[in-house]
Amino acid sequence: MFAEKDYCDTDNCIALGELGCPIPKYATINIHTKEKEWKMWISLYDAQKWLRQEKNIEANASFDKKDDGWIAFIQRLDYPDLYGTDVLSTVYNTYETALNESIKQAINVLKEE
């Protein structure tokens with residue numbers, strides 16, 4: 001079942017597609033026009049897996065007890081000692097929001113390379 005929170009936001013989907021990530025199409029039915037509409041979405045899991053396997057970047061989220069919220073982080077797997085781990089300073093209310101932000105940060109790193 002499609003739950004929007006389990007998918008990357010539109011900007012991340014477009015950027016991931018531009019970077020070569022395969023994006024599946026999902027058909028939905030417009031209840032007003034009864035027309036089939038195609039939406040292109042990539043799940044947070046699939047984006048995370050593609051970044052890890054194809055681009056050697058771990059994009060993840062972790063709960064921070066001190067700040068009582070979720071933090072987003074990325075880490076280069078090919079040269080972890082050289083790059084370390086980038087932790088975003090913002091604290092998020094949900095795991096999915098933090099994960100989406102870590103994917104966005106990984107996209108930014110890839111675009112800069």
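Heads up: numbering here begins at 1 and tracks the sequence. In this text, all values refer to a predicted model and were calculated from it rather than measured experimentally.
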When rounded to the nearest 0.5 Å, the distance separating CD1 of Ile107 from SG of Cys21 is 8.5 Å

Quick one, Ile71 and Phe63 - any side-chain contact, counting heavy atoms below 4.5 Å?
no

Are side-chain heavy atoms of Ile42 and Cys13 found at a separation under 4.5 Å?
yes

For the atom pair CD1 (Ile23) and CG (Asp46), what is the distance rounded to the nearest 0.5 Å?
10.5 Å

Glu54: side chain to side chain contact (heavy atoms under 4.5 Å, CB included) partners, not counting sequence neighbours:
Trp50

Taking the basic N atoms (NZ, or NE/NH1/NH2) and the acidic carboxylate oxygens, is any pair closer than 4.0 Å for Lys66 and Asp64?
no

Anything under 3.5 Å between a donor and an acceptor, one on a side chain of residues 92-103, the other on a protein residue two or more places apart or in another chain? List them.
from, atom 1, to, atom 2, distance (Å)
Thr94, OG1, Thr97, N, 3.1
Thr94, OG1, Thr97, OG1, 2.6
Asn100, OD1, Asp9, N, 3.3
Asn100, OD1, Asn12, ND2, 3.2
Asn100, ND2, Asp9, OD2, 2.9
Ser102, OG, Asn60, N, 3.3
Ser102, OG, Asn60, O, 3.3
Ser102, OG, Leu99, O, 2.8

Rounded at 0.5 Å granularity, tell me how far CD in Glu58 sits from CD1 in Ile74.
10.0 Å

Heavy atoms of Gln48 and Ala59 approach each other most closely as NE2-O, 2.9 Å

For Lys55, enumerate each residue passing the salt bridge (charged side-chain N to carboxylate O under 4.0 Å, His left out) test, keeping only those at least two apart in sequence or located in another chain.
none

Drop me the distance from Leu19's CG to Ile14's CD1, to the nearest 0.5 angstrom.
12.0 Å

